[in-house]
Structure formats: C-alpha cells, structure tokens
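Reviewing the structure listed below.
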Amino acid sequence: MSRSRFPAVLRAVVLPAAALLTLLSLPSAPSAQAATAPEPRPPRGFVALADVDPTILQEMRYVTVHNFTGHRVDGYRRPLCILTREAADALHRAQRSLLRRGYGLKVYDCYRPQRAVNDFVEWAKDLGDTRMKAEFYPRVDKSRLFEDGYIAAKSGHSRGSTLDVTIVKLPAWPTRPYVPDEPLVPCYGPREQRFPDNSVDMGTGFDCFDTLAHTLDPRITGVQRANRLLLKSALEREGFVNLPEEWWHYTFKPEPFPDTYFDFPVLRHPLP
C-alpha cells in the first residue's frame, strides 16, 4: 500500500469509529414503550355501577360540554359511573326502596380522577372564561369560587365513594342533549325555564353554584323540598351522608379509601 493512499484508508476506518463512539456516549432515546407510561388502573374494590345495578340511570355530565367549565373535563373517557363496591351496593339498596314507590336514581358524577379536579382548578384560575356563568354561577363572581368553596384542589369524589345523584319519576324519558352555545338560563330559575332535566324538581339544577342549592335552604319549600328530603332519606338509610351545601352530593360512610385520591381515568377498565 502506498504512503499516499494509507491516510485516506485510515481515515475511512477511524472516522466511522469516532462517530460510533460519539453515538454511544449520547443518552439513549426512550423506547416507545417507555415513552408511553401505562395509565393508572383502579385497585381491587372498584366496580362499574352498571354491573351492580343497571336500572340506575347515568347522565354523566363531565364527559360532555354541558357543565360549569363548558368543556369536556380531563380524565373522563367514557360516560361511566365507577364507585367503590361498598358505595355501589348501598346505592343499589336505595334504588330498590325507591323503585317500590315509582321512583329511581340518576347519577351525574361518581368517581372523579384527580386530573379532573386539577382541570377544575385551572379553569377557575382563568377569570376570562365565563362562557357558562349564566347557567351555573349567575350570582357568584368567578374570582370567589375558591374562597366560597365551590372549587378546591382535592375532592372526595377522587376517593371513590362520593357521587352526585338525583331522583327521577318512572318511567323517565332521556334528557335532551345540550346544544353548544344555546341560550343559558340560571340554574335556580323556575323548572319550566331551566335546562330540561328528566329528574324531579329539586329547586335548582345540578351543579348550581348558589345558596339555593343548599339541601335545607328555607326558601326551598313544597314539592321541591319534599323531593330533596325523599332523596336524602333514601340514601341516609343506606349509609350515605349529604354535603349540606349541595343537595345532590352524597358520600358513603365509612369510606373504604378515606385518605387516597386516585387518578385513573374513567373508562371501561377490566375491573378487578
């Protein structure tokens, strides 16, 4: 081999080797499997309500845009109620007692992932987004939602034994779908003016940020008060406790997971 050709051949060998060493020294790119972390899954003890009692109606609001945020809430992949087994069994017992009287239960929300709660918090911080104010919080300034207790960084729903629920008179026709950007009416208005709901008249709509939504507010009288008390008595007999500020909000006690805030998404898991 001539002296003139040797450097060229040497460079042909050495340069690729140097490039290889450089590549080996770089951080390895994450594999597709590592880059996509598996979603959290519910622990043993959670069930789909429909598997326990398919007669309980489900109108899951946060998987739709018809809620106080005006958008589909993070973490809700399917219109599905998931609860702890104990809460679902207790709700089934309450349903049986109401069916004998010609009524049934309907749930608006059940287990709520922590990521959904975080979504609420971020929405509440955006004071410019008031697209749903006319229906859900007409008399509350959005800047006060944290101070007044309507929004918080943690929710009992994330522990799996809290739900938002109402009563329907049977047979019940489905509630008509919400049409985005349709005119909004205050949630505390007369029943015939509020957004239609196939539930009995509770005096306000669901998720009404107003003192009229307090379960025993003295301004709620007559049939509306009787309906709230019917729901309250049916659930309390089976171990549920009402949140006094919201006629629809109940928690089964004792909670199986009193100190754990879960964050698995709402979808049809192969539940254990």
Side-chain angles (χ1 to χ4, degrees), residues 49 52-53 56-62 67-68 81-101 103-112 116-117 120 136-137 140 145 148-152 154-169 187-188 191 194 197-261:
L49 177 62
V52 177
D53 192 329
I56 297 175
L57 301 181
Q58 299 189 30
E59 187 180 310
M60 311 306 289
R61 286 288 186 88
Y62 299 135
N67 62 72
F68 59 83
C81 173
I82 298 174
L83 289 169
T84 60
R85 164 64 73 174
E86 291 83 349
D89 287 344
L91 205 62
H92 168 62
R93 296 192 298 269
Q95 173 77 340
R96 286 192 303 180
S97 71
L98 287 168
L99 288 175
R100 290 193 287 268
R101 304 177 63 173
Y103 294 96
L105 294 169
K106 180 177 79 170
V107 291
Y108 296 111
D109 190 37
C110 299
Y111 158 75
R112 179 183 304 165
V117 180
F120 291 168
F136 292 97
Y137 52 107
V140 179
L145 292 182
D148 290 350
Y150 293 112
I151 301 293
K154 295 289 186 181
S155 169
H157 282 272
S158 302
R159 301 192 297 262
S161 295
T162 295
L163 65 151
D164 296 331
V165 61
T166 189
I167 289 176
V168 297
K169 179 71 175 173
C187 54
Y188 51 73
R191 177 184 174 85
R194 300 195 304 262
D197 192 316
N198 61 358
S199 71
V200 299
D201 187 4
M202 293 291 191
T204 77
F206 165 62
D207 259 358
C208 189
F209 295 2
D210 196 272
T211 55
L212 278 173
H214 293 187
T215 306
L216 299 179
D217 188 286
R219 294 167 293 176
I220 300 297
T221 59
V223 173
Q224 296 171 339
R225 187 175 185 85
N227 288 336
R228 292 188 184 189
L229 293 178
L230 175 61
L231 176 64
K232 190 171 187 287
S233 61
L235 293 181
E236 286 182 343
R237 278 197 302 270
E238 305 303 336
F240 288 94
V241 176
N242 174 241
L243 178 68
E245 290 78 17
E246 297 176 351
W247 60 256
W248 55 83
H249 181 116
Y250 285 85
T251 299
F252 177 76
K253 301 285 184 147
E255 294 183 65
F257 302 100
D259 303 310
T260 307
Y261 296 83

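Counting from 1, the numbers follow the sequence of the chain as shown. Given the structure is predicted, the values throughout are model-derived calculations rather than measurements. Computed from heavy atoms alone, side chains included, the values below leave out hydrogens, waters and symmetry copies.
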*Taking it one step at a time, do D207 and W248 satisfy side chain to side chain contact (heavy atoms under 4.5 Å, CB included)?*
CA-CA 8 Å; D207 259 358; W248 55 83; 3.9 Å; yes
*Given D89 and D53, is the side chain to side chain contact (heavy atoms under 4.5 Å, CB included) satisfied, shown in steps?*
CA-CA 8 Å; D89 287 344; D53 192 329; over 6 Å; no
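Heavy-atom minimum distance, A94 versus L105: CB-CD1, 4.2 Å. Nearest heavy-atom pair, F240 versus A87, reported as atom, atom and distance to 0.1 Å: CZ-O, 3.5 Å. Across every non-hydrogen atom of P256 and E86, the tightest pair is CG-OE1, 3.2 Å. Of all heavy-atom pairs between I82 and C110, the closest is O-CB, 3.4 Å.
Not a single donor-acceptor pair under 3.5 Å links the side chain of D148 to the backbone N or O of Y150.
Here OG1 of T215 is found 9.5 Å from CE of M202. Values are rounded to the nearest 0.5 Å. How far OH of Y188 is from OG1 of T211: 10.0 Å, rounded to the nearest 0.5 Å. Rounding to the nearest 0.5 angstrom, the gap separating the CG atom in N242 from the CH2 atom in W247 is 10.5 Å. Taking CD of Q95 as the start and CG of L235 as the end, the distance is 10.0 Å to the nearest 0.5 Å. Atoms SG and CZ, on C208 and F136 in that order, are 9.0 Å from each other to the nearest 0.5 Å. To the nearest 0.5 Å, the span separating OG1 on T166 from CG on N198 amounts to 8.5 Å.
Residues satisfying the side-chain contact (heavy atoms from CB on, under 4.5 Å) test with E255, not counting sequence neighbours, are R159, S161, T251, K253, P258.
Here the side chains of L230 and V200 are not in contact, with every heavy-atom distance at 4.5 Å or above. Here the side chains of H157 and H249 are in contact, with some heavy-atom distance below 4.5 Å. The shortest side-chain heavy-atom distance between F252 and E238 does not fall under the 4.5 Å cut-off. For the pair S158/V117, a side-chain contact is recorded, criterion being any heavy-atom separation below 4.5 Å from C-beta on. Residues L83 and L91 meet the side-chain proximity criterion, which asks for heavy atoms closer than 4.5 Å.
The neighbour count for R101 CZ, taken as heavy atoms of other residues, nucleotides or ligands under 6.0 Å away, does not exceed 12.
Between F68 and F209, the ring planes are tilted. Angles from 30° to 60° get that label. Ring geometry for F206 against Y108 counts as parallel: the plane angle stays under 30°, on a 0 to 90° scale with 60° as the upper cut.
Look at D109 and R112 and you find a salt bridge, because one of the NZ, NE, NH1 or NH2 atoms lies within 4.0 Å of a carboxylate O, short of that distance.
Under the side chain to side chain donor-acceptor pair (under 3.5 Å) criterion, the residue pairs touching residues 220-231 are D201-Q224, with sequence neighbours excluded.
Tested against D197, the residues K106, R191, K169 include a single salt bridge (charged side-chain N to carboxylate O under 4.0 Å, His left out) partner, K106.
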